[in-house]
Chemist: 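One structure is given below, represented as C-alpha cells, and several questions about it will come after.
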Amino acid sequence: MPPSTTPIFLDTSYICKLGFRHPDFQKLVAYSKTDVLRLFVSQIAWEERRTQLLETACSQVLTLRRDFEKLQRGRSDNFILQGLSSPVMNLWDKTELEARSYEAMAEFAKDNHITIVPIGADHADRAWRRYFETSLPFNPDVADREKRRKDIPDSWILEAAIDVKREHSSLIALCDDKRFADALMKVLGITVFNTAQDALDHIDGTAQSTRVNHLVKTHDTAYVPPNEEQTQANDALAAALAAAESQFRTVGTKIIGLVSHLETPTKDQLCSILERSGIPAAVTKSVAEQLALGKTIVDTGHHYIPGDKEAGAQAKSAVEAEIIRLAIGGD
C-alpha cells in the first residue's frame, strides 16, 4: 500500500446504516478506486450485510409468491378473471438468490477495492478469551452471560481490526455504534468517525499537510531584477493565466453549484445542462476533472457527487438563479 494511502476499517453498523448506494458511501469507494484510501471490512461484517440483503430479497419474493397464489385461488370467485389465460410468474428460489448474493458481494468488493479481512485461525480463541474475561468489546458491568453473548460478533470483528492495525499503523475506522467505537479507540488506539465526510476531511487535512511540507523544501536563489523584455513577457503570461483562471472560476462555480443542487448528476447530464448556457461539453469535462482531482467534487465513474460541502453550498448560493433556469425540466 502506498505511504499516502489511508487505511479505513468499516464496521457493520456503518455499512448497514447507509447502504452501498448512499452518496457518502460512494464517496468512499471513489477515493478507494484512486488509492487515496483503502477500505477494510471483516468477513463477519461482510457476511452480516450479505445475509441482511438476502433476507430482504427472500421476503419480497415470498410476499409476491403469496399474493400470486392468492390471486390464483380467487379466480373461481371473480367472474371477470374467468376466461383469461392462466397467469405465469417466474420467481427466483432461495438457492438461486443465495448463490447470487455471494457472487454480487464478491464482485462489489473487487470493483470497489474493498479488502475482506478473513477469519483468522486464532480468532476463535482470542474472541472467547475476551468473552470469559469480559474485556472489550464486552461490558464488564453486564453479569448476565445471555445478554453478554449479543456482543460476540463484535468481538470477532474487533479481532479482525486488530490484525489490520498490526499491518497498517495509520488505520482509522468508520463506526456508527458508540459502544463498539469506544472499544476500537481503547483497544487499538485509533481515531473513529461516524460519517464518511468526517473521515474524508481528516484524510484531506493530512494530505494538505503533506503537500505544504513538500512545498517548503526549496532552494534559496539570489534575486535578479527583471529587464524590460522579461517584464513584458511576464505581463502577457499573467494576462493569459488570468483569463484562464477567470474561465475556470466561472465554469467551476457553475459545476460545483449544479453538483451540489442535483447531488448525483451523470457526467452527460452535467454537460448537457451547461451546454444550454453556452459552455462547450469539452470545457465542462476539463474543468470537472480538475475539480475532481482537487476533491471539490467526487468522480464515481459515471456520476459526480459533492465533495467539499462548504464550497458546494457557497457555489449553489452564488448561481442559484441560473441553476434553477438551467436545471428546470433537466435531463
Side-chain angles (χ1 to χ4, degrees), residues 5 8 15 18-39 53 57 100 103-114 195-197 199-201 203-204 207 240-241 243-331:
T5 301
I8 300 184
I15 60 177
L18 291 189
F20 293 148
R21 299 304 177 192
H22 192 280
D24 282 350
F25 192 86
Q26 286 297 309
K27 287 182 185 178
L28 289 177
V29 297
Y31 275 58
S32 176
K33 289 177 180 178
T34 57
D35 292 329
V36 172
L37 56 83
R38 181 173 171 186
L39 301 176
L53 294 171
R100 177 55 190 157
E103 293 173 358
M105 293 292 284
E107 290 169 2
F108 187 85
K110 181 179 179 181
D111 292 344
N112 295 290
H113 300 190
I114 299 173
T195 71
Q197 191 59 53
L200 295 177
D201 288 345
I203 293 169
D204 285 342
L241 291 174
E245 182 182 359
S246 176
Q247 182 188 54
F248 180 85
R249 289 176 63 88
T250 300
V251 178
T253 301
K254 292 180 181 180
I255 291 173
I256 297 168
L258 275 168
V259 171
S260 180
H261 175 74
L262 298 173
E263 294 187 348
T264 57
T266 66
K267 294 180 178 181
D268 289 343
Q269 182 184 19
L270 190 66
C271 289
S272 177
I273 290 173
L274 288 178
E275 275 187 316
R276 294 204 289 270
S277 68
I279 300 173
V283 173
T284 297
K285 290 178 181 177
S286 175
V287 175
E289 286 174 1
Q290 292 298 312
L291 292 172
L293 287 173
K295 305 298 185 293
T296 308
I297 60 176
V298 177
D299 185 348
T300 68
H302 297 291
H303 296 73
Y304 286 116
I305 59 178
D308 186 324
K309 290 186 177 180
E310 185 176 348
Q314 292 176 359
K316 183 178 176 181
S317 176
V319 295
E320 188 168 17
E322 187 170 9
I323 285 175
I324 293 172
R325 177 178 63 80
L326 292 173
I328 189 167
D331 304 88

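Because only heavy atoms are used, hydrogens play no part in the values below, and waters and symmetry mates are left out as well, while side chains stay in. Bear in mind that the values here come from a model prediction, so they are computed numbers and not experimental data.
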Chemist: Quick one: does Ile256's side chain get under 4.5 Å of Tyr304's, heavy atoms only?
Modeler: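 SC-SC contact between Ile256 and Tyr304 ruled out.
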
Chemist: Just checking Glu107: does its CD atom have more than 12 heavy atoms from other residues, nucleotides or ligands closer to it than 6.0 angstrom?
Modeler: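 Yes, CD of Glu107 has more than 12 neighbouring heavy atoms, counting only those of other groups under 6.0 Å.
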
Chemist: Output, in order, the C-alpha distance, side-chain angles, deciding distance and verdict of side chain to side chain contact (heavy atoms under 4.5 Å, CB included) for Lys27 and Ile305.
Modeler: CA-CA 7 Å; Lys27 287 182 185 178; Ile305 59 178; 3.3 Å; yes

Chemist: Sort and list the pairs that fulfil side chain to side chain donor-acceptor pair (under 3.5 Å) and have at least one residue in residues 292-302, not counting sequence neighbours.
Modeler: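 Counting only pairs at least two positions apart or across chains, the side chain to side chain donor-acceptor pair (under 3.5 Å) contacts touching residues 292-302 are Lys267-Asp299.
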
Chemist: Within the structure provided, determine whether Ile273 and Leu262 are in side-chain contact (heavy-atom separation under 4.5 Å).
Modeler: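 They are in side-chain contact.
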
Chemist: Looking at every non-hydrogen atom in both residues, tell me the closest pair between Gly257 and Ala315 and how far apart they are.
Modeler: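 Looking at all heavy atoms of both residues, the closest pair is N-CB, 3.6 Å.
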
Chemist: Work out which heavy atom in Leu270 is nearest to a heavy atom in Ile255; give both atom names and the distance.
Modeler: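 Distance-wise, the nearest heavy atoms are CD2-CG2, 3.8 Å.
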
Chemist: So do Cys271 and Thr284 actually touch side chain to side chain, heavy atoms under 4.5 Å?
Modeler: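 The answer is yes; the side chains approach within 4.5 Å.
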
Chemist: Over all heavy atoms of both residues, which pair between Thr264 and His303 is shortest? Give the atoms and the distance, please.
Modeler: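 So the minimum-distance heavy-atom pair works out to O-CD2, 3.1 Å.
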
Chemist: Name all residues meeting the side-chain hydrogen bond (donor to acceptor under 3.5 Å, both in side chains) criterion together with Thr195; count only those two or more places apart in sequence or in a different chain, and write none if there are none.
Modeler: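 With sequence neighbours excluded, Thr195 shows a side-chain hydrogen bond (donor to acceptor under 3.5 Å, both in side chains) to Asp198, given in chain and number order.
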
Chemist: Any sub-3.5 Å donor-acceptor pair from Ser32's side-chain atoms to His113's backbone N or O?
Modeler: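 Yes, the answer is positive, given that a donor and an acceptor are paired below the 3.5 Å cut-off.
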
Chemist: Does Phe20 have any ring-ring contact (aromatic ring centres under 6.0 Å, His included) partners at least two apart in sequence or in another chain, and if so, which?
Modeler: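 Only Phe25, Trp46, Phe108 meet the ring-ring contact (aromatic ring centres under 6.0 Å, His included) criterion with Phe20.
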
Chemist: Of the non-hydrogen atoms in His22 and Asp24, which two are nearest, and what is the gap between them?
Modeler: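 Looks like ND1-N, 3.0 Å.
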
Chemist: Side chains of Leu39 and Tyr31: does their closest heavy-atom pair fall under 4.5 Å?
Modeler: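 Not in contact.
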
Chemist: Taking Arg249's backbone N and O only, do any of them form a donor-acceptor pair with Thr253's side chain (distance below 3.5 Å, no angle check)?
Modeler: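 It does hold such a pair.
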
Chemist: Closer than 4.0 angstrom, basic N to acidic O: yes or no for Glu103 and Arg100?
Modeler: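 A salt bridge links Glu103 with Arg100.
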
Chemist: Of the non-hydrogen atoms in Ser260 and Pro306, which two are nearest, and what is the gap between them?
Modeler: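 So the minimum-distance heavy-atom pair works out to CA-CG, 4.2 Å.
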
Chemist: For the CD1 atom of Ile15 and the CG atom of Leu28, what is their distance to the nearest 0.5 Å?
Modeler: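 The CG atom of Leu28 is 11.5 Å from CD1 of Ile15, to the nearest 0.5 Å.
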
Chemist: Using a 4.5 Å cut-off on heavy atoms from C-beta on, say whether the side chain of Leu37 contacts that of Leu200.
Modeler: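 Sidechains of Leu37 and Leu200: in contact.
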
Chemist: Are Val259 and Leu291 close enough, and set up right, to give a side chain to side chain contact (heavy atoms under 4.5 Å, CB included), and what steps lead you there?
Modeler: CA-CA 11 Å; Val259 171; Leu291 292 172; over 6 Å; no

Chemist: Write down the atom of Asp111, the atom of Lys33, and the distance for their closest heavy-atom approach.
Modeler: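 So the minimum-distance heavy-atom pair works out to O-CE, 3.4 Å.
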
Chemist: What do you reckon, is CD of Glu263 surrounded by more than 12 foreign heavy atoms closer than 6.0 Å?
Modeler: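 12 or below, so no.
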
